Amino acid sequence: MTVERAETMRQQRAVNRRKFMIGLGLAGGAVGAGLTGCSAGNQTPSTVLASGPSEQDILNFALNLEFLETTFYSFATQGTDLPASLIAGSGPVTGAPPSKLTFLNQQITDILNEIFFDEMSHVAALQNVLGSSQIKRPALNLAAAGEITGENFITIARQFVDVGASAYAGGIALLTGANLATVAQILPVEGFHAGALRLIAIQQGLPFAPADGLDVPTSDPGAQVLANQGPTSQGGFFATAGTSTATANVPAGLAFPRSASQVLQIVYNAAGQTNVSKGGFFPNGLNGNIATT
């Protein structure tokens, strides 16, 4: 790598970090309790740059979301909670289906079970990289969007994975070293899951429940001339920007990243609201330092 290329990458990382902190409402202001500044030239997994979250904070934010998604899959596909080794000291879980769900066919059942395996592995991977700094699973209300059934599971799961992938896209530029390596391997898996669930939703004609204004409806454009333009405001196969929805910050063919505040507004069922710290799927809030919209 040339010196010029390295400097360009360093500058871009700084820009991306500032964009993320602006989304958190942290740029140029005070940060949450327990966060302190340190030199950018001495980065460790717990480094906090000026007025920003630490890498541990970002990974724990992701772990909260993985706990929600994995617990959701566990009760639906296995009929029980996660293994005790992953959830020691966790908060209570409400709204879980009373037994394992029955899905539309065996292929969909198999896909969902494989996604469960991946998501449970993501929890373990984040716990491993965080070590003693990992948060415990917070209290969860799995039925915050309504009773979970075999009929609506795909609709809710699709929303979870699209939002989760965009959350990783919003935070990955702030990570380094082993933290970056871990998330860089998790993020494409979330993309694989999103593609599969979106296709199932389209093929089965399942209803679309938008997470927010950034969410891309699941829709088959129905003609090659339309598909060639990418997703539109009416939807598409993938949650990416198309010719008509691309912006300067999100060019065509790229995913829409979400800030932590945007993600929290979704999982707290607090659309457009700031200074909210609990609600929705997290009745007592997320655990960790990134927990308020």
Side-chain angles (χ1 to χ4, degrees), residues 59-132 134-165 167-168 182 185-186 189-190 192-194 196-197 200-201 204 206 209 211 263 266-269 278-288:
L59 293 181
N60 272 321
F61 179 74
L63 182 54
N64 277 284
L65 301 180
E66 291 288 2
F67 270 136
L68 170 61
E69 191 172 17
T70 308
T71 304
F72 177 72
Y73 273 93
S74 186
F75 279 102
T77 66
Q78 311 301 306
T80 189
D81 202 353
L82 298 171
S85 60
L86 296 179
I87 56 173
S90 73
V93 176
T94 59
S99 60
K100 183 168 63 174
L101 299 180
T102 299
F103 300 105
L104 294 170
N105 58 52
Q106 188 60 48
Q107 185 176 69
I108 291 175
T109 300
D110 292 345
I111 289 172
L112 296 178
N113 276 273
E114 191 166 320
I115 291 176
F116 166 66
F117 169 80
D118 287 344
E119 297 299 343
M120 186 168 59
S121 299
H122 293 172
V123 168
L126 289 171
Q127 289 177 328
N128 182 62
V129 74
L130 279 162
S132 62
Q134 67 185 263
I135 51 98
K136 304 298 184 182
R137 183 178 68 179
L140 299 175
N141 176 13
L142 300 183
E147 179 185 2
I148 303 169
T149 67
E151 289 71 35
N152 68 16
F153 181 87
I154 296 293
T155 296
I156 301 171
R158 191 289 312 165
Q159 187 182 97
F160 278 172
V161 71
D162 275 354
V163 171
Y168 276 119
T182 298
Q185 289 176 287
I186 292 175
V189 178
E190 298 293 341
F192 302 154
H193 297 169
L197 292 177
I200 292 172
Q204 299 296 326
L206 301 178
V263 173
I266 294 169
V267 299
Y268 287 166
N269 191 25
K278 63 181 180 180
F281 293 100
F282 294 91
N284 296 332
L286 271 67
N287 286 334

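A quick note: this is a predicted structure, and the numbers were derived from the prediction, not measured. Because only heavy atoms are used, hydrogens play no part in the values below, and waters and symmetry mates are left out as well, while side chains stay in.
For the pair Ile156/Asn152, a side-chain contact is recorded, criterion being any heavy-atom separation below 4.5 Å from C-beta on. You'll find the side chain of Glu119 stays beyond 4.5 Å of the side chain of Phe67, heavy atoms only. Contact annotation: the side chain of Leu112 approaches that of Ile154 to within less than 4.5 Å [non-hydrogen atoms, C-beta and beyond]. Looking only at side-chain heavy atoms (C-beta outward), Pro138 and Asn284 stay at 4.5 Å or farther from each other. With contacts defined as side-chain heavy-atom distances shorter than 4.5 Å, the pair Leu63/Gln134 qualifies. You'll find the side chain of Phe61 reaches within 4.5 Å of the side chain of Val263, heavy atoms only. You'll find the side chain of Ile186 reaches within 4.5 Å of the side chain of Leu126, heavy atoms only. Looking only at side-chain heavy atoms (C-beta outward), Gln78 and Asn113 come within less than 4.5 Å of each other.
Contact record, Val189 with Asp118: CG1-OD2, 3.7 Å, taken as the closest heavy-atom pair. Here the shortest heavy-atom pairing between Gly280 and Asn269 reads CA-CB, 4.2 Å. Heavy atoms only, all atoms of each residue included: Glu190 and Ala165 are closest at CB-CB, 4.1 Å. Between Lys278 and Gly285, the shortest heavy-atom contact is CB-N, 3.3 Å. In terms of heavy-atom proximity, Leu65 sits nearest to Ala167 at CD1-CB, 4.0 Å. Phe75 approaches Val93 most closely through the heavy-atom pair CE1-CG1, 3.9 Å.
For Gln204, the CD atom sits in a packed shell: over 12 heavy atoms of surrounding residues, nucleotides or ligands are nearer than 6.0 Å.
Under the ring pair (Phe, Tyr, Trp, His ring centres under 6.0 Å) criterion, Phe160 pairs with Phe72, Phe281, sequence neighbours left out. Residues forming a side chain to side chain donor-acceptor pair (under 3.5 Å) with Tyr168 (at least two apart in sequence, or on another chain): Glu66. Under the salt bridge (charged side-chain N to carboxylate O under 4.0 Å, His left out) criterion, Arg158 pairs with Asp162, Asp215, not counting sequence neighbours. The salt bridge (charged side-chain N to carboxylate O under 4.0 Å, His left out) check on Asp81 picks up Arg137, with sequence neighbours excluded. Partners of Tyr73 according to the ring pair (Phe, Tyr, Trp, His ring centres under 6.0 Å) rule, which considers only residues two or more places apart in sequence or in another chain, are Phe153.
Note that OG1 of Thr109 is 13.0 Å distant from CD of Glu114, once rounded to the nearest 0.5 Å. Atoms CD and CG, on Gln107 and Asp110 in that order, are 7.5 Å from each other to the nearest 0.5 Å. Note that CD1 of Ile135 is 7.5 Å distant from CG of Leu286, once rounded to the nearest 0.5 Å. Considering CD1 of Ile111 and CZ of Phe103, their distance stands at 11.5 Å, rounded to 0.5 Å. Here the OG1 atom belonging to Thr70 is positioned 11.5 Å from the CD1 atom belonging to Ile115, to the nearest 0.5 angstrom. Interatomic distance, Leu59 CG to Gln127 CD, rounded to the nearest 0.5 Å: 12.0 Å.
Under the 3.5 Å distance criterion, the side-chain polar atoms of Ser74 are left unmatched by any main-chain donor or acceptor of Thr71.
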Donor-acceptor contacts under 3.5 Å from residues 139-147 side chains, at least two apart:
residue : atom : partner : partner atom : Å
Asn141  : OD1  : Ala143  : N            : 3.1

